[in-house]
Amino acid sequence: MEEHKLLYEGKAKKVYETEDPQQLIVSYKDDATAFNGLKKGTISGKGAINNQMTNLLMKRLEQIGVPTHLIRELSSRETLVKRVSIIPLEVIVRNLAAGSFSKRYGVVEGVVFDQPTLEFSYKNDALGDPLINSSHAIALKLATPEELDAIRRYSFAVNDFLKALWAECGVILVDFKLEFGRLADGTVVLADEISPDTCRLWDAKTHEKLDKDRFRRDLGGVEDAYQQVMRRLLEHG
Ligand code: TMP
Ligand code: ASP
């Protein structure tokens with residue numbers, strides 16, 4: 001990557017410029033953080049798994065009509081993507097109660113919802129990514145009403161598709177976080193990643209956690225969990 005200029009380094013990825021101003025290279029790291037960076041660690045092999053899983057899932061999502069930033073995988077941990085300006089919203093879809101939903105509303109983890117929920121957090125580390133609603137997002141000029149409509153539609157379509165795909169792998173898609181961006185012409189596309197860092201994935205039979213909660217909650221077996229979900233996706237997805 002030495003020949004490419006580092007544009008941005010996040011907690012889990014680095015982004016490099018390319019000769020084409022509309023294309024960037026994303027490089028996935030093994031670094032893991034939680035609780036707004038308070039907890040730090042390494043998950044060996046994570047970068048390659050998250051890169052390959054994200055690309056496999058985004059390719060499938062493109063086929064069902066969800067536009068993404070993906071261009072092509074370059075190596076085990078690097079991918080060429082379309083340049084977007086990220087819409088500073090964490091878009092969270094939930095099928096079962098877990099994590100901050102359970103904490104906020106006092107609901108035991110694992111309660112199944114009658115229909116999926118959708119929520120937005122304002123992507124702002126200094127403020128601790130506060131929960132906001134769509135009119136707040138418009139007031140803050142984070143997105144237009146039309147963009148929020150597209151984001152809502154794509155997010156539920158992603159959920160329907162991924163829930164069914166993971167079910168074939170014996171995995172419950174509990175919840176996940178998406179990020180969207182705007183291309184130069186304003187088109188909204190799915191960006192960032194879809195991986196065990198950004199999804200809760202439970203074994204369908206045992207409800208064993210197969211995602212980053214193993215790191216967040218010091219449950220052990222983190223690397224094994226990432227490898228296992230990747231293997232299941234390759235074999236059954
Ligand atoms: P939460 O229950 O902590 O709000 O998390 C909901 C989902 O979003 C879960 O699948 C993990 C994912 N997530 C991220 O990808 N990044 C984050 O910074 C947080 C807090 C959650
Ligand atoms: N990405 C988040 C952070 O470091 C944490 C998380 O996924 O829980 O703060």
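In what follows, every heavy atom counts, from backbone to side chain, and hydrogens, waters and symmetry copies are set aside. Whatever order the structure lists them in is the order used to number ligands and atoms, beginning at 1.
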Residue, atom name and distance, where the atom is the protein heavy atom closest to [atom]:
| atom | result |
| --- | --- |
| atom 3 (C) of ligand 2 | Thr33 OG1, 3.3 Å |
| atom 8 (O) of ligand 2 | Arg216 NE, 2.7 Å |
| atom 1 (N) of ligand 2 | Lys212 NZ, 3.8 Å |

Hey, are [X] and [Y] close enough for a salt bridge, meaning a charged N less than 4.0 Å from a carboxylate O?
| X | Y | result |
| --- | --- | --- |
| Arg232 | Asp203 | yes |
| Asp213 | Arg200 | yes |
| Lys46 | Asp197 | yes |
| Glu62 | Arg60 | no |
| Arg94 | Glu119 | yes |
| Lys13 | Asp192 | yes |

Examine the proximity of ligand 2 to Lys39 and report which part, side chain or backbone, both or neither, has a heavy atom under 4.0 Å away.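 Contact part for Lys39 vs ligand 2: neither.
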N/O donor-acceptor pair under 3.5 Å between Glu223 side chain and Ser44 backbone: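 Pair found, side chain donor or acceptor close to backbone of Ser44.
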I'd like the residue list for ligand 1, meaning every protein residue with a non-hydrogen atom under 4.0 Å from the ligand.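 For ligand 1, the residues that come within the 4.0 Å heavy-atom cutoff are Glu90, Ile92, Arg94, Ala98, Gly99, Ser100, Asp175, Phe176, Lys177, Asp197, Thr198, Cys199, Arg200, Arg216.
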For the residue pair Phe113 and Phe101, is the inter-centroid distance of their aromatic rings smaller than 6.0 Å?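 Yes, close enough.
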Could you tell me the separation between the NE2 atom of His4 and the CD atom of Glu19, rounded to the nearest 0.5 Å?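 So the NE2 of His4 and the CD of Glu19 are separated by 4.5 Å.
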Between Asn36 and ligand 2, is there a nitrogen or oxygen pair with a distance under 3.5 Å?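 Min N/O separation from ligand 2 is below 3.5 Å for Asn36.
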By number and element, which atoms of ligand 2 are closer than 4.0 Å to a non-hydrogen atom of Gly37?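 Selected atoms, number and element: 3 (C), 4 (O), 9 (O).
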Distance under 4.0 Å to a non-hydrogen atom of Phe35: what atoms of ligand 2 satisfy this?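 Taking each heavy atom of Phe35 in turn, ligand 2 has 5 (C), 9 (O) under 4.0 Å.
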